[in-house]
Amino acid sequence: MTELAYPEPLTDGVVRVRPWHDGDLPCVEQASEDPRIPQGTTVPVHWTPEAGRAYIARQHARLTSGEGWALAVADQRTDRAVGHVNLMLRPQAGVAGIGYWIVPGARRQGFGSRAIALMTAWGLGAGGFARVEAWVEPDNVASQRVLEDNGYLQEGRLRSFLTFGTRRADVFVYSRVRAIAAG
Ligand SMILES: CC(C)(COP(=O)(O)OP(=O)(O)OC[C@H]1O[C@@H](n2cnc3c(N)ncnc32)[C@H](O)[C@@H]1OP(=O)(O)O)[C@@H](O)C(=O)NCCC(=O)NCCS
């Protein structure tokens with residue numbers, strides 16, 4: 001099993017991407033109230049502080065199990081967590097998948113786009129990946145916009161690719177790849 005370690009907090013001066021801690025429970029609670037976030041993540045559908053703490057523990061377990069990096073997106077000024085971004089190893093060598101959410105009250109302020117920028121730059125740089133990809137449902141315009149803002153290209157549509165409860169969903173595949181040196 002690959003042994004992973006958290007990077008130093010990633011920041012652009014506005015957003016800070018750093019490990020989760022129990023002080024972030026209000027963020028998990030707000031995420032659990034969103035109709036979309038608990039569907040595609042392990043954010044609890046029914047909020048309790050215990051369920052919130054278990055969510056945070058699961059994010060750290062992703063690192064120790066070698067699955068990938070699951071980090072909080074925080075406001076640099078206050079360190080208040082407003083969302084989540086992760087980079088998970090795919091079975092193919094050098095490929096990672098990116099996932100993200102921002103709590104409803106903090107959307108349209110650039111947190112999502114900045115977090116994706118930081119995580120992608122780290123993944124294709126110090127993280128050592130050649131490709132970072134995302135799977136997005138065709139009706140999820142917000143998610144497609146933040147990827148396109150960050151230079152991700154849409155590559156195609158995978159039919160009936162994901163399952164949400166009993167519902168099956170198509171996804172658009174997006175990716176960014178490491179620049180290949182000329183010559
Ligand atoms: C997708 C998501 C992370 C975007 O986060 P965000 O912090 O609101 O995004 P940003 O503020 O960085 O938005 C960057 C740009 O994306 C576009 N955008 C964001 N939300 C949008 C929306 N609902 N509709 C249309 N465009 C949108 C805009 O161009 C925006 O810039 P602008 O508001 O200045 O015009 C957020 O909507 C979310 O958490 N959704 C639910 C969970 C989810 O779908 N996760 C992804 C699963 S693949």
Side-chain angles (χ1 to χ4, degrees), residues 9-18 20 24-47 52 55-56 58-59 62 67-90 95-123 129 131-165 167-176:
L10 310 172
T11 182
D12 61 2
V14 176
V15 166
R16 190 162 183 259
V17 171
R18 49 114 175 117
W20 284 92
D24 299 327
L25 284 175
C27 175
V28 184
E29 182 174 11
Q30 288 158 33
S32 75
E33 290 159 2
D34 182 69
R36 185 150 213 155
I37 297 173
Q39 260 191 43
T41 67
T42 67
V43 167
V45 182
H46 302 293
W47 167 257
Y55 174 82
I56 290 173
R58 275 196 296 281
Q59 307 321 304
R62 296 189 196 289
E67 281 175 87
W69 300 261
L71 297 160
V73 178
D75 184 325
Q76 170 76 36
R77 285 170 308 144
T78 59
D79 200 40
R80 181 177 70 98
V82 295
H84 173 100
V85 62
N86 64 42
L87 206 59
M88 308 302 281
L89 276 68
R90 296 276 202 249
V95 180
I98 192 165
Y100 41 84
W101 52 257
I102 299 294
V103 294
R107 288 185 190 154
R108 303 301 289 256
Q109 298 171 47
F111 287 116
S113 192
R114 287 172 179 276
I116 291 167
L118 288 166
M119 203 75 233
T120 304
W122 182 80
F129 292 95
R131 170 185 167 94
V132 177
E133 63 177 27
W135 299 331
V136 186
E137 283 198 77
D139 71 349
N140 194 344
V141 174
S143 183
Q144 291 167 46
R145 290 287 166 279
V146 291
L147 291 169
E148 286 161 4
D149 278 0
N150 277 291
Y152 279 74
L153 294 184
Q154 193 190 113
E155 297 174 324
R157 183 176 187 135
L158 300 176
R159 293 177 300 156
S160 195
F161 189 66
L162 294 182
T163 175
F164 299 100
R167 179 173 75 85
R168 295 210 60 89
D170 292 3
V171 296
F172 287 148
V173 183
Y174 279 83
S175 79
R176 276 267 313 264

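Whatever order the structure lists them in is the order used to number ligands and atoms, beginning at 1. Keep in mind that this is a model prediction, so the values were computed, not measured.
The backbone N or O of Gln59 sits nowhere less than 3.5 Å from a side-chain atom of Glu67 that would complete a donor-acceptor pair. In this structure, the side chain of Gln30 does not engage the main chain of Pro104 through any donor-acceptor pair within 3.5 Å. Asn150 places a side-chain N or O within donor-acceptor distance of the main-chain N or O of Ser113, the cut-off being under 3.5 Å.
In terms of polar-atom proximity, Tyr100 is counted as a contact of ligand 1, with an N or O under 3.5 Å from an N or O of the ligand. The distance criterion of under 3.5 Å between nitrogen or oxygen atoms is met by Ile102 with respect to ligand 1. In terms of N/O distances under 3.5 Å, ligand 1 is not approached by Trp101. Residue Arg145 has no N or O atom closer than 3.5 Å to an N or O atom of ligand 1.
The single protein non-hydrogen atom nearest to atom 7 (O) of ligand 1 is Gly112 N, 2.8 Å, given as residue, atom name and distance. Remark: minimum distance from atom 4 (C) of ligand 1 to any protein heavy atom is reached at Val146 CG1, 3.8 Å. For atom 12 (O) of ligand 1, the closest non-hydrogen atom of the protein is Ser113 N, 2.8 Å. Nearest non-hydrogen protein atom to atom 15 (C) of ligand 1 is Asp149 OD2, 3.4 Å. Residue, atom and distance of the protein heavy atom nearest to atom 47 (C) of ligand 1 are Asn140 ND2, 3.9 Å. When only non-hydrogen protein atoms are considered, atom 48 (S) of ligand 1 lies nearest to Ser143 OG, 3.3 Å. What sits closest to atom 36 (C) of ligand 1 on the protein, heavy atoms only, is Arg107 NE, 3.6 Å.
Inside a 4.0 Å radius of atom 26 (N) of ligand 1 there is at least one protein heavy atom. Atom 34 (O) of ligand 1 lies below 4.0 Å from none of the non-hydrogen atoms of the protein. Per-atom contact check: atom 2 (C) of ligand 1 does not touch the protein, criterion being a heavy-atom distance below 4.0 Å.
Nearest approach of Ala96 to Leu87, heavy atoms of both residues: CB-CG, 3.8 Å. Nearest heavy atom pair, residue Ala106 against residue Phe111, reads O-CD1, 3.4 Å. Nearest approach of Ala70 to Asn86, heavy atoms of both residues: CA-CB, 3.8 Å.
Between Trp122 and Trp69, the two ring planes are perpendicular [angle over 60°; tilted spans 30° to 60°].
Using a 4.0 Å cut-off to heavy atoms of Phe111, the atoms of ligand 1 that qualify are 7 (O), 12 (O).
When only modelled atom types and interatomic distance are considered, Ser32 and Tyr55 share no side-chain donor-acceptor pair under 3.5 Å.
For Gly110, the heavy-atom gap to ligand 1 drops under 4.0 angstrom.
For the pair Arg90 and Trp135, the distance from NZ or CZ to the six-membered ring centre is under 6.0 Å and the angle to the ring normal is within 45 degrees.
With a heavy-atom cut-off of 4.0 Å, Trp135 touches ligand 1 through its backbone alone. When non-hydrogen atoms are compared, ligand 1 lies under 4.0 Å from the backbone of Gln109 (N, CA, C, O) but not from its side chain.
The environment of CZ in Arg167 is crowded: more than 12 heavy-atom neighbours from other residues, nucleotides or ligands sit within 6.0 Å.
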Practice task
Let me see the working for Thr42 and Arg58 under side-chain hydrogen bond (donor to acceptor under 3.5 Å, both in side chains), right down to the final yes or no.
Solution key: CA-CA 9 Å; Thr42 67; Arg58 275 196 296 281; 3.1 Å; yes

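Remark: among candidates His84, Gln144, Glu137, Arg108, the nearest residue to atom 6 (P) of ligand 1 is Arg108, based on non-hydrogen atoms.
Of the options Arg18, Gln76, Arg114, Arg16, a side chain to side chain donor-acceptor pair (under 3.5 Å) to Thr11 is made by Gln76 and by none of the others.
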